[in-house]
Structure formats: C-alpha cells, structure tokens
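For reference, the structure discussed in these notes is given below.
These values consider heavy atoms only, across backbone and side chains, with no hydrogens, waters or symmetry-generated copies.
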Amino acid sequence: MEDNGVMPDSEMEQMLLNIFGRRGIPLRKFWRMMYWMPKFKNLSPWYLPDQLPNDTLDLAKLAIQRITSVDPDTKISVWQTEEIEASLDKTWIVSAQSRAQQVLLMEQPPDDPLTVKGPFIVYLKDQVVTYFLLLGKIRPEYKDDRDIDDVSNIKKPPGIPGFIGNTTLPTVKSTVHEQDDGTIVSVCATGTSSRDSLLSWIRLLEQYGNPVLADIPVIFTLSAPPTDITVQETQPAIHDSEKEIKSC
C-alpha cells in the first residue's frame, strides 16, 4: 500500500489489531503510515498529476513551469519553428521568459556574446525532459564607498517625526535570475533538442519582444546532439551479409 500510494483506513487498522495485537509490527507500521503519508502528500510545492500526460509537449510545459516557478511573472510561450522560414527542423518550442529577464537582456552589452548552455535534464516522476538556458553577462556589483559611520551630515526625512536617518534600497539589487555563472535571460525545451531548433528559438525570442538579440552574438556550447525528447521511429540496421543475400 505504501509503494502504490494507497492510504489505509480504520477498517484496516481494526483488522491489524485483531490479527497482530496492539504491539504488533504491522499495526505500528500502519500508525507510521497514517502519520507521515498525509504530510508527504502535499509537501512538494510543484504539483504533478497522478497520471503524467503522454504528449511530450505537455511534459515540456510542466517541466518549464516547474523550473521557472521561482519568478511568478514568468510567461510560458509555445512556438513552432515553422514560423522561421530558414528553419530545417520542424518542431515545437516551449520558451519561458519574465519581464525582469527581458530588462536584463536589454542591459546586456552588445560586445559580449550570449551563451546557450545545455542540455540539462529535469525529472518528472519517471519521465525525463531536457532543457536549455540562455545566459548573459553578470552585471557589475554596485559598490557604495560612503562611510556608514559618518554622522556629520544626517538627514531627517520629512513627515516622520522622531526618525533620524535615511532608509533607501541599494541602487542595484540582484534578481533571482543572476547566478554565479551568468544571468539567465530565458529557458526553453524543444521537441528534438537539436542545434537548428535552438537557433530557431533565438530567432523567435528576437521576434517576440527581444529586438536586442539582432545585435548581440550568441554562442552555442552544445558539443554533441543529445537524446531527443521525443521517441522517433528509425529503420533497423541491415548487416552486410543481409545486403549480399538481397543483392543475389
């Protein structure tokens, strides 16, 4: 019952009590399950349905939504590579970007290239989805050279009697998208995880609200084509001996 996520009931408790007694190990196991299983049921903040969808596009939406849930303002879009005339790989793209990421992308210096990193994997129960990141340069850290112990010029804000000093936020406040290895400006998952689909992703980002990508070079660090997210049908290999028999 525990392995299959089935909650026991009071009738099961009475059966275990009659068969094994109050100090029996099965009854104590029942009590532990009744204590911990309701707590673990809603422990994860990322809800997944009991039966995952079979469609890879729906799986990619769930994965990208889970990854980008750190920013509630994130907008998830589904595009088709056919919108780009020069695209060779006809597939879908699930892209996520928030307004803060668009602002961070506009602040990127045009001389420093952006980087597409991946593939990374995220698990949805027993399903695996690959995703990619578009990373930019980290903003320089704001340095305040003022002496915080200097009391020679203390300003009293108007309208707050008795309050001495000034409370202000830092000039530059780092966001959740600014990590140690770079600034994440967008996240995506494609149907084939190929280089051509990622190139179409960059073109679609430029088309939908990021015109600055036309002036910034992009580096792809994808060293080798990864395993596709979709299961593609392939023809079985034909050995040399079979070829000779067919030729005869």
Discussion item. Is there a path of hydrophobic side-chain contacts, each under 4.5 Å between heavy atoms of I/L/V/M/F/W/Y residues, joining F120 to V122?
Written reply: yes
Discussion item. Checking the side chain of T190 only, and the main-chain atoms of I93 only, is there a donor and an acceptor separated by less than 3.5 Å?
Written reply: no
Discussion item. How close do L62 and P53 get, counting heavy atoms only, and between which atoms?
Written reply: CD1-CD, 4.0 Å
Response to the item:
Looking only at heavy atoms, the pair that brings P49 and K125 closest together is O-NZ, 2.8 Å
Worksheet item: Would you say S186's side chain and Q97's backbone share a donor-acceptor pair under 3.5 angstrom?
Response: no
Fill in: N/O donor-acceptor pair under 3.5 Å between S200 side chain and D196 backbone
yes
Worksheet item: Between Q179 and V176, is there a donor-acceptor pair closer than 3.5 Å when you use the side chain of the first and the backbone of the second?
Response: yes
Practice prompt. Test K137 against D112 for salt bridge (charged side-chain N to carboxylate O under 4.0 Å, His left out), laying out the working first.
Written response: CA-CA 7 Å; K137 186 179 179 182; D112 293 329; 3.2 Å; yes
Worksheet entry | Nearest heavy-atom neighbours spanning S87 and I84 | OG-O, 2.8 Å
For a quick test of your reading: what N or O donor-acceptor pairs under 3.5 Å do the side chains of residues 21-36 make, sequence neighbours left out?
residue, atom, partner, partner atom, Å
K29, NZ, E2, OE1, 2.7
W31, NE1, E13, OE2, 3.0

Worksheet item: According to the interplanar angle, ranging from 0 to 90°, do the rings of Y208 and W79 count as parallel (below 30°), tilted (30 to 60°) or perpendicular (above 60°)?
Response: parallel
Worksheet item: Does K39 NZ have over 12 foreign heavy atoms under 6.0 Å away?
Response: no
Fill in: W92 and T81: side chain donor to acceptor below 3.5 Å
no
Worksheet item: So do V185 and L135 actually touch side chain to side chain, heavy atoms under 4.5 Å?
Response: no
Worksheet item: Cluster question for you: counting only ILVMFWY and a side-chain heavy-atom cut-off of under 4.5 Å, with indirect links fine, are I76 and L52 together?
Response: yes
Discussion item. Pairing donors with acceptors under 3.5 angstrom, does anything connect the side chains of S197 and S194?
Written reply: yes
Fill in: Side chains of F132 and L198 in contact at under 4.5 Å (non-hydrogen atoms)
yes
Worksheet item: Within a strict 4.5 Å, meaning less than it, do heavy atoms of the I219 and V116 side chains meet?
Response: no
Worksheet item: Rounded to the nearest 0.5 Å, what separation is found between the CG atom of L88 and the CZ atom of R195?
Response: 13.0 Å
Item to complete: Look at the side-chain heavy atoms of Ile, Leu, Val, Met, Phe, Trp and Tyr, link any pair under 4.5 Å apart, and say whether V187 and M106 land in one connected group.
Response: no
Discussion item. Just verifying a value: how many Å separate D9 CG and Q14 CD, rounded to the nearest 0.5 Å?
Written reply: 11.0 Å
Item to complete: Could you tell me whether a side-chain N or O of Q101 sits under 3.5 Å from a main-chain N or O of I184, the two making a donor and an acceptor?
Response: yes
Worksheet item: Can T192 and D89 be counted as having a side-chain donor-acceptor contact under 3.5 angstrom?
Response: yes
Discussion item. If you define the side chain from C-beta out and look only at heavy atoms, does anything of S98 sit under 4.5 Å from T68?
Written reply: no
Worksheet entry | Side chain proximity check, V129 to I121, heavy atoms < 4.5 angstrom | no
Item to complete: Could you tell me whether the side chain of N210 and the main chain of L205 form a donor-acceptor pair under 3.5 Å?
Response: yes
Discussion item. If you compare all heavy atoms of V218 against all heavy atoms of I202, which two are closest, and at what distance to 0.1 Å?
Written reply: CG2-CG2, 4.1 Å
Practice prompt. Run the numbers on F220 and T115 for side-chain contact (heavy atoms from CB on, under 4.5 Å), then give the verdict.
Written response: CA-CA 6 Å; F220 293 83; T115 305; over 6 Å; no
Discussion item. Taking the side chain as everything from C-beta on, heavy atoms only, tell me whether M1 gets closer than 4.5 Å to M12.
Written reply: yes
Practice prompt. Determine whether L48 and M37 fall in the same hydrophobic cluster, where Ile, Leu, Val, Met, Phe, Trp and Tyr are linked whenever their side-chain heavy atoms lie under 4.5 Å apart.
Written response: no
Worksheet item: Is it true that atom CG of D73 has more than 12 heavy atoms of other residues, nucleotides or ligands lying nearer than 6.0 Å?
Response: yes
Worksheet, complete the sentence: dist I216:CD1 -> D111:CG (nearest 0.5 Å) comes out at 9.5 Å
Fill in: Nearest-0.5 Å distance, CG of residue L204 to CG of residue L199
9.5 Å
Worksheet item: Passes side-chain contact (heavy atoms from CB on, under 4.5 Å), H177 versus D71? Steps please.
Response: CA-CA 9 Å; H177 308 291; D71 190 349; 2.8 Å; yes
Fill in: More than 12 heavy atoms of other groups within 6.0 Å of M7 CE
yes
Fill in: Donor-acceptor contact below 3.5 Å, side chain T74 vs main chain A96
no
Worksheet item: Does the side chain of S95 come within less than 4.5 Å of W201's, by heavy atoms?
Response: yes
Discussion item. With heavy-atom distances below 4.5 Å as the criterion, would you say the side chains of L105 and L213 are in contact?
Written reply: yes
Worksheet item: If Ile, Leu, Val, Met, Phe, Trp and Tyr residues are connected whenever their side-chain heavy atoms lie under 4.5 Å apart, and connections chain through other members, are V103 and L114 in the same group?
Response: no
Practice prompt. Kindly check if the number of other-residue, nucleotide or ligand heavy atoms within 6.0 Å of CD (Q65) is above 12?
Written response: no
Practice prompt. Would you check if the side chain of E178 reaches a backbone N or O of T175 as a donor-acceptor pair within less than 3.5 Å?
Written response: yes
